[in-house]
Amino acid sequence: MFSSLRATPKFKAVLLGDAGVGKSSLFLRIKDDVFDKKLQPTVGIESCFKSLCVDRAEVSFHIWDTAGVEKFQSLTRSYYRNTQVVLLVYSVHDCTSLQRLTKWIQDVEQHSPNAMKFLIGNKCDLEKSVSDQSANNFAATYECADVFLTSAKTGEGIDKALVKITRKLLNSY
Ligand code: GDP
């Protein structure tokens, strides 16, 4: 009788990228749907749960933000443990932030080689210094499953990205 009941799939997702690209702002936008331009760096690592219903399937994300720790130390192994989704964040307004993601990708290869990687160009409300072509090339080179442009400030692109990420995960689940 209970055999048709499926547990809600749960995915651990981590935000990675250099300080200043907007990881904590994205985290806050996903968690509380707000943008705080005076966001204070918090000490330690924060996480939140986000449930989504996509194509009549419910999924739950446990999303982790480095909360500034990446500025001072490399991230610990526990940050990556059991991660299925890696959100590689750069700022579309800062081309070095895209290239610097290679450092985070090396970390991912070491600690979470099986995680699905997504490239996120944040701050799309600002003038673009990174072309879509460069982002797409980067994503292809580093085997990212998809590329999204988002703005934590306006909220643009975030829901769409979460839905598409969910679909990719469900298809490979
Ligand atoms: P983190 O160090 O990667 O966590 O970055 P923060 O979330 O602390 O953001 C760094 C700075 O970028 C802050 O001044 C934010 O207000 C700003 N910021 C974050 N996201 C956006 C965005 O989508 N658009 C704009 N214009 N500014 C943003």
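Both ligands and their constituent atoms are indexed starting at 1 by order of listing. Being a predicted model, the structure only gives us computed values, none of them experimental.
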Polar atom proximity, [X] to ligand 1 (N or O, under 3.5 Å):
X    : value
G22  : yes
D125 : yes
D36  : no
G20  : yes
A152 : yes

Exercise for review: Would you mind telling me if ligand 1 is within reach of the side chain of D18, the backbone, both or neither, using heavy atoms under 4.0 Å?
Suggested key: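 Only the backbone of D18 comes within reach of ligand 1.
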Check your understanding: For ligand 1, which part of V21 has a heavy atom less than 4.0 Å away: the side chain, the backbone, both, or neither?
Key ->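 The answer is both.
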Check your understanding: At the 4.0 Å heavy-atom cut-off, does D65 count as touching ligand 1?
Key -> no
Practice item. State if F27 counts as touching ligand 1 under the rule of any non-hydrogen atom under 4.0 Å. Key: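 False for this residue.
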Under 4.0 Å from any heavy atom of [X], which atoms of ligand 1 are there?
X    : answer
S151 : 23 (O)
L126 : 26 (N)
A19  : 2 (O)
K23  : 1 (P), 2 (O), 3 (O), 4 (O), 5 (O), 7 (O)

Could you check whether any side-chain heavy atom of [X] comes within less than 4.5 Å of a side-chain heavy atom of [Y], counting everything from C-beta outward?
X    : Y    : value
N122 : V89  : yes
H62  : F11  : no
F118 : K168 : yes
F49  : F61  : no
I165 : D146 : no
L169 : V59  : no

Practice item. Name the option, out of L28, N122, L149, that contains the heavy atom nearest to atom 20 (N) of ligand 1. Key: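 Nearest option to atom 20 (N) of ligand 1, by heavy atoms: N122.
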Practice item. Counting heavy atoms only, name the option from E156, R29, K123 that's nearest to atom 27 (N) of ligand 1. Key: K123
Check your understanding: Has the side chain of D94 got a donor or acceptor atom that lies under 3.5 Å from a matching backbone atom of T96?
Key -> yes
Check your understanding: Should we say atom NZ of K12 is surrounded by more than 12 heavy atoms from elsewhere, each under 6.0 Å from it?
Key -> yes
Check your understanding: Between D33 and R29, is there a side-chain N and carboxylate O pair less than 4.0 Å apart?
Key -> yes
Review point. Hey, quick one: are L126 and V147 part of the same hydrophobic cluster, counting side-chain heavy atoms closer than 4.5 Å, chains of contacts allowed?
Key: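 As far as the 4.5 Å side-chain criterion goes, V147 and L126 are not connected within one cluster.
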